[in-house]
Amino acid sequence: MKKRLGHIFLVDDNHDMRFYLSDMLIMLGYTVDTFDNANSFLEKSMDISPAVVLLDMRMPGLNGLELQTRLDALGRQTPIIFISGESDKDEIIEAFRLGAVDFLLKPFNREKLCQVVDKALEMDRQRNQDFINTDALRRTYGTLSAREQEIFMLIVQGLTNKGIAEVTGIQPGTAKKHRATIYQKFEVNTSAELISQCKGVDMSKLYQFESPAQD
């Protein structure tokens, strides 16, 4: 049997459902933590990745939608899959509006469950990798001088040294020297490699870094 990698937070107030699902998922290769209510999940769960929250809609105390809203406010981005036996259309619509990956109505089959769980885990795996990439890029970007940061942005837009000189008013030779310094700090040899490092990164997130030095 293929080993599945990823963690599942199962939040359901129904003891039999928790026991059945957790046992099945563990046998399939997932790791599972179970919680019988939303508050217990909030108090005891750790924000790890890749993971998914398998969440019952209607529970005593905080219901599924309320927990989903709370997690969003806390900045917890673990993907959520709802499971429910008696949700109405408005609850389903709201769950998706708030970002749920899927909504499974009980009873659901194992194949469908595994399909959506694996989809959610891959989404979380990619989200976590994007965060790591962005954080590494931000740290290096923060070591650039103000002029280097300006030229960095022009390089990733595909400008040549001559083009950078025309935009900034510096000499092409000066642009070339700045480019070499930027390549060295990012440990790349070409603009293509630098652009590849920036692929999928929200460049606006880099602007929070003020340069430590001038030209």
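Throughout, numbering of the chain's residues begins at 1 and tracks the sequence.
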Same hydrophobic cluster for L25 and L104, using side-chain heavy-atom links shorter than 4.5 Å among ILVMFWY?
yes
Say whether, by atom type as modelled, one donor and one acceptor occur between the side chain of Q115 and the main chain of K112 under 3.5 angstrom.
no
Just by distance, with hydrogens left out, do E43 and N39 show a side-chain donor and acceptor under 3.5 Å apart?
no
May I have the step-by-step check of salt bridge (Lys or Arg N to Asp or Glu O under 4.0 Å) for D33 and R18, ending in yes or no?
CA-CA 10 Å; D33 281 332; R18 287 198 313 277; over 6 Å; no
Can you confirm whether K177 is buried at NZ, in the sense that more than 12 heavy atoms of other residues, nucleotides or ligands lie under 6.0 Å from that atom?
no
Identify whether the distance between the nearest side-chain nitrogen and carboxylate oxygen of D90 and R97 falls below 4.0 Å.
no
Any side-chain to backbone donor/acceptor pair from Q197 onto F186? Under 3.5 Å, distance only.
yes
Any non-hydrogen side-chain atom of F96 less than 4.5 Å from a side-chain atom of L98?
no
List for me each residue that meets salt bridge (charged side-chain N to carboxylate O under 4.0 Å, His left out) alongside D88, sequence neighbours excluded, and say none if there are none.
R58
K185 side chain vs T143 backbone, donor-acceptor pair below 3.5 Å
yes
Cluster question for you: counting only ILVMFWY and a side-chain heavy-atom cut-off of under 4.5 Å, with indirect links fine, are I26 and L21 together?
yes
Any E148 side-chain heavy atom under 4.5 Å of I151 side chain
no
Closer than 4.0 angstrom, basic N to acidic O: yes or no for R76 and D47?
yes
Contact between I80 and L71 at the side-chain level, heavy atoms closer than 4.5 Å - yes or no?
yes
Is it the case that atom OH in Y20 sees more than 12 heavy atoms from other parts of the structure closer than 6.0 Å?
no
Output yes when a side-chain donor or acceptor of D13 lies under 3.5 Å from a complementary backbone atom of M59, and no otherwise.
no
Quick one: does S40's side chain have a donor or acceptor within less than 3.5 Å of a partner on D36's backbone?
no
Under the criterion side chain to side chain contact (heavy atoms under 4.5 Å, CB included), I'd like the reasoning laid out for Y183 against R179: C-alpha separation, chi angles, the key distance, then a yes or no.
CA-CA 6 Å; Y183 283 3; R179 181 188 290 266; 2.9 Å; yes
With no hydrogens and no angle check, do the side chains of D118 and Y30 hold a donor and an acceptor under 3.5 Å apart?
yes
What's the separation between atom CE in M17 and atom CG in D56, rounded to the nearest 0.5 Å?
8.0 Å
Using only atom types and a distance under 3.5 Å, with no angle test, would you say the side chain of E193 pairs donor to acceptor with the backbone of N189?
yes
Angle between ring planes, F41 versus F9, binned at 30° and 60°: parallel, tilted or perpendicular?
perpendicular
With a sphere of 6.0 Å drawn around CD of E111, does it hold more than 12 non-hydrogen atoms of other residues, nucleotides or ligands?
yes
Given 3.5 Å as the limit, does a donor-acceptor pair link the side chain of S22 with the main chain of F19, or not?
yes
Can you name the side chain to side chain donor-acceptor pair (under 3.5 Å) partners of Q126, sequence neighbours left out?
D130
Is a side-chain donor or acceptor of Q68 paired with a backbone partner of A95 at a separation under 3.5 angstrom?
yes
So, H7 side chain and T31 main chain: donor-acceptor pair closer than 3.5 Å or not?
yes
Is the closest side-chain heavy-atom distance between L54 and V11 below 4.5 Å?
no
Determine, stepwise, if the pair R125 / E122 fulfils salt bridge (Lys or Arg N to Asp or Glu O under 4.0 Å).
CA-CA 5 Å; R125 191 176 288 108; E122 182 56 35; 2.9 Å; yes
When you measure from the side chain of S196 to the backbone of A192, do you find a donor-acceptor pair of N or O atoms at a distance under 3.5 Å?
no
Does any non-hydrogen side-chain atom of L74 lie less than 4.5 Å from one of L42?
yes
Is I155 reachable from L159 through a run of hydrophobic residues whose side-chain heavy atoms are each under 4.5 Å from the next?
yes
Please report the interatomic distance CG(N63) to CG(N37), rounded to the nearest 0.5 Å.
12.5 Å
Can you tell whether the side chains of E150 and R147 come within less than 4.0 Å, N to carboxylate O?
yes
